[in-house]
Every structure is written in C-alpha cells, then in structure tokens.
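The structure is given below, and queries will be raised subsequently.
For the numbers below, each heavy atom of this structure counts, side chains included, while hydrogens, waters and symmetry mates do not. Predicted, not measured: the structure shown is a model, and the values here were computed from it. We name chains A, B, ... by the order of the sequence lines, and we start the count at 1 in each one.
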Number of protein chains: 2
Amino acid sequence: MTTSTTLLPANPLSPPGRTRIMNSLVRLLDKKEFNSITTAEIARDAQVTEGLIYKYFSTKKDLLYLVLMELFQQVVNRIESEIAAVDGSHEKLQAFIRTSVASYAGSRVFSKIILLEVRNSQSFFTSNAYGLVRQYSKMIAQILDEGIEAREFAQDIEIGSLREIIFGAIEHTCLTCIIFDRDIDVDRVTGQLCKVLFRGITDNGWAKRKGRQP
Amino acid sequence: MTTSTTLLPANPLSPPGRTRIMNSLVRLLDKKEFNSITTAEIARDAQVTEGLIYKYFSTKKDLLYLVLMELFQQVVNRIESEIAAVDGSHEKLQAFIRTSVASYAGSRVFSKIILLEVRNSQSFFTSNAYGLVRQYSKMIAQILDEGIEAREFAQDIEIGSLREIIFGAIEHTCLTCIIFDRDIDVDRVTGQLCKVLFRGITDNGWAKRKGRQP
DNA sequence: AAAAATTAGTAAGTAACACTCACTCACCAC
DNA sequence: GTGGTGAGTGAGTGTTACTTACTAATTTTT
C-alpha cells in the first residue's frame, strides 16, 4: 500500500541494543496498534531481553515518544526548508500544507503515532516530543501572522482559530486514509484544501446574487 | 470548567447493576483516561463485582463503545432536528457546525471518548457505535450535495474532501479545548469556522489586485 | 402449585502484562 | 591486578483484563 517501513535514521551514539529496540517498535507499529504490542514482543523482535528495554526507556510509552521524536524531527526539518524556498504567504501556506500531507503520506508509522497513539495520554503533553509539536505549530502561526500583516489574508480572522482549522483539516484528511489503509493523494488533497481555504466554498454566482461577498 | 458530568439517560430495561456500571465509567472518564481506569475501579464505584461487568459487556472496550452509543445517539438526534429547522444550504451547514460544536462543549466525556479514546482501535470501526459515526457523516454529505446542486456551493469541490476538512476543523478545534481543559466558546468557534469556510481566508483587496478571485 | 427456566449477581480464580532488581561479563585505565 | 563503567541478562512481582463455576431470587411453564 504505502511506502515500505522506513527505519529510524542511524545513530552511532546509541548502543546497538537500544537502536534495535526502537527499530523493532517501528516495525511492529506498522502492523498493529501500540496497545496490543507487548514488551515481550518488542524484546523478541529486537533480540534482547525485556529488562534491557527498561535500561534505556523508563516506560513503554517513553519508548514510543522517543521513536516519535526521531520521526517528527525529520518532518519539521523538511517543512522548514520547503517553506523557506517559496515567497508569498499563500505560497508558504500551500507549501506547509503540501509538505505536511506528504509527510503523513510518506510514513504510515509516523502518522499512526501522532494521529492515533499519543493524544490520549496526558503524559505526552509534558514529554519532550510535544516540544516538536509546538515548533510545528509555531511555523504556521508565523505564516498566518505575516499573511495578515501583508494583507494577503483577511483581517478579521483569528490566527488561533485558523490554525486549528488548518491542522484539523490536514490531520483529519490524512487520518481517514491511515485508518482505512488508503493511499494519500498528496496533490489532490493539497489542491482541495487550498481551494477551500483560499476561496471558500460559496459559489460565486450565488454570492453575487445574495450580495454576501462584495 | 465545563458542565457537570451528565449521566446517561435512564433506561428501565437495563438491570440496575448494568446501569450503575455504565454510569460509573462515565464518572471515571471525566477524571482520567480510559486506559488508566481499571475494571476493579469501575466495579468498586458501581458497587458490583468485577465479574458482573463481563456478564453485560464482552470486554472493557465494548463497555466503552456502548457508553459512547448512548451519548452519541443524543447528539445525532439533536443535530437532525436543528438542521431540519432551517432553510438553505449555508444555513444548514452552519446549524450542523454549531450543533456539533455545542455537543462537544456540552459533554466533556462524549468528546473525550470520540476524539481520543476509540480511534486507535480497529475494533471500534466494526462496532455498532461506528454506525452512528456513519449516520453523522451522511448528514453533512447530504447538506453538501444539496448545496452544490442548488448552486449555493462551488461546483469544483469534492464532497469527500470537503467533508474531511469540515470534520477535521470542528474536531481539532474542540480537541484542543478538551485536552487543555479550556471552555469552548460555541459562538466564536462557529463564527470563525463559517467565515473561513464560506468566504475563504484571502483578503479581498489582495484577491482583486492579483485577479485570483473575479 | 410444583417444576423448570431465566435473570441478577457473586467469589475465586488465571494467564499475561508492564515493570524491577540483583546480577554477569567485557572492556579500559592506572 | 584492581576498580570502574556500560551493555546486557533472567528470574522475579504486583496488577490487569477476563473466566468459570456457583447461588439465590424471580418468572414462566405445565
């Protein structure tokens, strides 16, 4: 279906057992839900004992958060460079959306973790991994800020609300594909989303008749 | 913060022990995450033995799904009557959004279950509870269909994509409030969302200069 | 009205789970 | 060779979701 499971980037500072544990969780997450993966299963796959998992990770969840961080860091880096490469707020917003959608499309495991597995725990929001979410969130806030400043975007829209709308639209679209194991068509999704966001859904003829949109 | 925990609607056909079990889960969900609630805890709160839980519910998750169904049914009924009460596709869509947001705002437990606790399990999507999600989903599909048919909404937007965008925007906005225990301002959220959806975010002056919007 | 079946609920389990702890072994410095 | 350190082991432990065999009361059947 989607791309074959990408392993985590190699890290020579991490002991071999630790690396194998993290990669095993990635492999297993591709097949099943986090809660139904047991520590025994991870240990078996990584060819270590269960005890070693707890040498490197304080809890099973902590292991999950650290895996997420590795994957998320790549995503954040990629988005940062993509939005730096274009000019104009509309273009930057489109680049942000396209790269986000492409990241979800490119890593099923990343998508599953961030969209499905971490939100229901309060502990996530105090973990280091959540720092990356805030970084990600700030990028779009800045795009919107500048767009309103430059009069590209309407003045009467709250940045906070808009950010939630955009994230929600991106995430929910990708989530549906992840859950039902459908491929994500990056161009189509990005196109539809930008169309709605930039122009709204009201038909132009109707708007003129009703005088709703000058 | 939000409204005090609403219990499930009384059901005289349900044995007292069964009713107490479901209400206990609702009470406990208001305070903590589903995964950290134990069956022993539920039984203690409901003043029954653990065994009785498994007389009425096949698994702990199954209990959760049945609680969700009771709450969701009320939501679906409410939305159905609200959108029937107005005319015009813009108005119906606005009513749909407002009532959805109000439902999330009105029941923290309902919001937590549907936005955080059930999505990560494949079993949810084969449960009866998911039938209500499909019913909910069909309501908006119909509004969009009719709106495009009536030329109130633009012709070049895919209903499937648009539905994901709208759901995502509603859910993500409410999710953030639920997670950070903030109140949901139904009017403000609805207003912002409809503004963006109906008109888009592009500033009118800029659109004219660029000729992007006739 | 006795017998049979159904319903509401109990009590004592069990396998599997996340997690702990005391330990070994190999390597390196001095 | 002694002491220290980091990688890894393996046999625990308390809890957890879930099971099973049972009772006691009410309702249904005959």
Set of salt bridge (Lys or Arg N to Asp or Glu O under 4.0 Å) partners for A:Glu149, sequence neighbours left out: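 Expected list: none.
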Summary of side-chain hydrogen bond (donor to acceptor under 3.5 Å, both in side chains) pairs that have at least one residue in residues 72-88 of chain B, sequence neighbours excluded: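 Found B:Gln73-B:Asn77.
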Once ring pair (Phe, Tyr, Trp, His ring centres under 6.0 Å) is applied, what residue pairs with a partner in residues 115-139 of chain A remain, sequence neighbours excluded?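 Ring pair (Phe, Tyr, Trp, His ring centres under 6.0 Å) check on residues 115-139 of chain A returns A:Tyr65-A:Phe124, A:Phe72-A:Tyr136, A:Phe96-A:Tyr136, A:Phe124-A:Tyr130, A:Phe125-A:Tyr130, A:Phe125-B:Phe180, A:Tyr136-A:Phe167.
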Give every residue pair that meets the ring pair (Phe, Tyr, Trp, His ring centres under 6.0 Å) criterion with at least one member in residues 23-56 of chain B, sequence neighbours excluded.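 Passing the test, one end in residues 23-56 of chain B: no pairs.
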Pair listing, salt bridge (Lys or Arg N to Asp or Glu O under 4.0 Å) test, anchored in residues 116-127 of chain A, at least two apart: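 Sorted pair list: A:Arg119-A:Glu171.
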Who pairs with A:Asp145 by side-chain contact (heavy atoms from CB on, under 4.5 Å), at least two apart in sequence or on another chain?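 Result, side-chain contact (heavy atoms from CB on, under 4.5 Å) vs A:Asp145: A:Ile159.
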Base versus backbone protein contacts along nucleotides 10-28 of chain D [heavy-atom cut-off under 4.0 Å; B, S, -]: B-----SBBB-B-------
Within a reach of under 6.0 Å around CD of A:Gln135, are more than 12 heavy atoms found that belong to other residues, nucleotides or ligands?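 Enclosed.
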Expected output is a numbered-order residue list: members of residues 113-121 of chain A with a heavy atom under 4.0 Å from any atom of DNA chain C. What is it?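 Within residues 113-121 of chain A, no residue comes under 4.0 Å of DNA chain C.
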With sequence neighbours excluded, residues passing salt bridge (Lys or Arg N to Asp or Glu O under 4.0 Å) with B:Glu33: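 Salt bridge (Lys or Arg N to Asp or Glu O under 4.0 Å) list for B:Glu33, sorted by chain: empty.
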Got a sec, which pairs hit salt bridge (Lys or Arg N to Asp or Glu O under 4.0 Å) with one end in residues 126-136 of chain A, sequence neighbours left out?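 Applying salt bridge (Lys or Arg N to Asp or Glu O under 4.0 Å) to every pair that reaches into residues 126-136 of chain A, excluding sequence neighbours, yields nothing.
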Tell me every residue that passes side-chain contact (heavy atoms from CB on, under 4.5 Å) with A:Glu41, counting only those two or more places apart in sequence or in another chain.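 For A:Glu41 the side-chain contact (heavy atoms from CB on, under 4.5 Å) partners, ignoring immediate neighbours, are A:Leu28, A:Lys32, A:Ile37, A:Thr38, A:Arg44.
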Have a look at A:Phe57 and say if it touches a base, only the backbone sugar-phosphate, or nothing, with a 4.0 Å heavy-atom cut-off.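 A:Phe57: no heavy atom of the nucleic acid under 4.0 Å.
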5' to 3' contact window, DNA chain C with chain A (heavy-atom distance under 4.0 Å):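 For DNA chain C, the relevant span reads C:dC17 to C:dA22.
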